[in-house]
Amino acid sequence: APVAEPVTNVPSRMQNLEEADRLVDQSPAQALALMEQILEKDPHNALALYGRARSLDSLAEVERSNARLEQSIFAYRAVLDLEDQVDDHLYHKSALRCIDRMRFRGFHGKAIRIQQRLVARFPNDIEYQNQLAIGFLLTNQPEAARTILEGVLNRWPQSGFAQVHLGFILKTTYDDYDAGARWMMAGIASREEGVIDGRFYSHLGDALTRLGRHEEAQRIYADGEKEGVFRSHDQRSLYNVDRLTAQPWWDKEATTYGPFFDLLEANWRQIRNEGVALLTLETPEGFANESEKLRDSGDWKQFELFAQGRKNAAHCTKAPVTCTLIENYPPALCKRGQVKFSIMHPGTHVWPHTGPTNCRLRAHLGLVVPSGAKLRVGNTTKSWEEGKFIVFDDSFDHEVWHNGSSYRLVLIVDLWHPELTTDEWQSLAPI
Ligand code: LMR
Ligand code: MN
């Protein structure tokens, strides 16, 4: 418990505090010194502890210093440690800023601990519980998020925010398309803040598709277009540059990358031989299963050579000719794409899906192409040809079938969309 202070000290200290508080934004170093002075005599003064945290927070920004930032995080937490000696308003302010700064610093686990303290202190505040669920999602703990959201919906059955997130988790983590779709539908219908989001429209449409409810899925995608979360009902990438020409299929020449395609086509047998030789490698050295749950049935594996514009050196030693051809062509070192061999066995169906971004074009070089394999992009379905490229924009809805009787092998090369500038190649965040 704090030591009782002589009453006469209070007015002058309050004056100091107000003065120091005004200083935080203009001169955080001075404010910090004043706060420390106050705390020396009165170590449990909540306002001074909060002022100290704010000063350190400002200094961290001015100095661009992580050490300072961490000091400010611990200082905000010291306010919370006062527990019932700090009023709700200040507790709330300190906690929210503390969480924000922790997340900024990448301390997601610590942020969750603060969120749990908020829930414990304000058990009737739905917002804190919903935000705690988001904290669990951000730290890849969907089971914990699910538990929180189910608790929220027991008490507040109408929370659209909780509904849409619970549906998202049931669909993406538990593969429960039916319950996932029901919750996401209800959540979107609430139109609460945060629910009109492309991720929910996308997973809802996908869940409906997998349930065979194609017309409903198409209506969701059309709604998504209307709400502006998608560029169009069948171009549903979420990381986009708006001005780019959008069409499902591209002529090789129209991409401006014709000479590159010609060169690889001229060398296609060597590329094929490198790809085929990889097939005898055992896992984990060799091909890896497609990992995004896109398969309805069958067997589809990939061998990655480049990801986010960077070479996979270990893999490239096993496909040196292919990697050298790629490496010498900057548009193919696309930070928003990959280069990989892709093998698909008979009996495979890949659910309709879209890639994450409209910033790349996806080129497939046919290497081993039996009959019975085909690719739909938008409304047009094509097949591969050995030694030839086909080029499409995988931000459009696409779907693959292989009903033949032997494997199909292609080299997938993502290239920057030809209308992006080389400055944009630098500045766009990798995907
Ligand atoms: C895709 O990019 O989704 C597929 O076309 C890949 C493949 O191997 O056919
Ligand atoms: Mn795809």
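Indexing begins at 1, ligand by ligand and atom by atom, following the structure's order.
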Where ligand 1 meets [X] - atom numbers and elements under 4.0 angstrom, heavy-atom basis:
{"X": "H398", "result": "1 (C), 2 (O), 3 (O)"}
{"X": "R362", "result": "2 (O)"}
{"X": "H353", "result": "3 (O)"}

Ligand 1 contact by [X], heavy-atom criterion under 4.0 angstrom:
{"X": "Q302", "result": "no"}
{"X": "V400", "result": "yes"}
{"X": "I412", "result": "yes"}

### Task
Locate the shortest heavy-atom distance separating R117 from D81; write the atom from each residue and the value.
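Heavy atoms of R117 and D81 come nearest at NH2-OD1, 3.0 Å.
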
Using a strict cut-off of less than 4.0 Å between a Lys/Arg side-chain nitrogen and an Asp/Glu carboxylate oxygen, indicate whether [X] and [Y] qualify as a salt bridge.
{"X": "D394", "Y": "R360", "answer": "yes"}
{"X": "D242", "Y": "R231", "answer": "yes"}
{"X": "E70", "Y": "R105", "answer": "yes"}

Report the nearest protein non-hydrogen atom to [atom]: residue, atom name, distance rounded to 0.1 Å.
{"atom": "atom 6 (C) of ligand 1", "answer": "W300 CZ2, 3.5 Å"}
{"atom": "atom 5 (O) of ligand 1", "answer": "H364 CE1, 3.2 Å"}
{"atom": "atom 9 (O) of ligand 1", "answer": "R408 NH1, 2.8 Å"}
{"atom": "atom 8 (O) of ligand 1", "answer": "S342 OG, 2.4 Å"}

### Query
Does any N/O atom on W384 come nearer than 3.5 Å to any N/O atom on ligand 1?
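In fact, backbone or side chain, W384 has no N or O that close.
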
### Message
Tell me whether the rings of H364 and F392 are parallel (<30°), tilted (30 to 60°) or perpendicular (>60°).
### Response
perpendicular

### Task
Take the Mn ion (ligand 2) as the vertex and measure to NE2 of H353 and NE2 of H398; round to 10°.
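Rounded to 10°, it measures 80°.
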
### Message
Donor-acceptor check, side chain of N358 to backbone of V241, threshold 3.5 angstrom: yes or no?
### Response
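Judged by distance alone, yes, a pair lies under 3.5 Å.
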
### Task
For the cysteine pair C359 and C334, state whether the SG atoms are less than 2.5 angstrom apart.
no

### Message
Quick one about D397 and Y221 (side-chain donor to acceptor, distance below 3.5 Å, no hydrogens or angles considered), yes or no?
### Response
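Short answer, no.
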
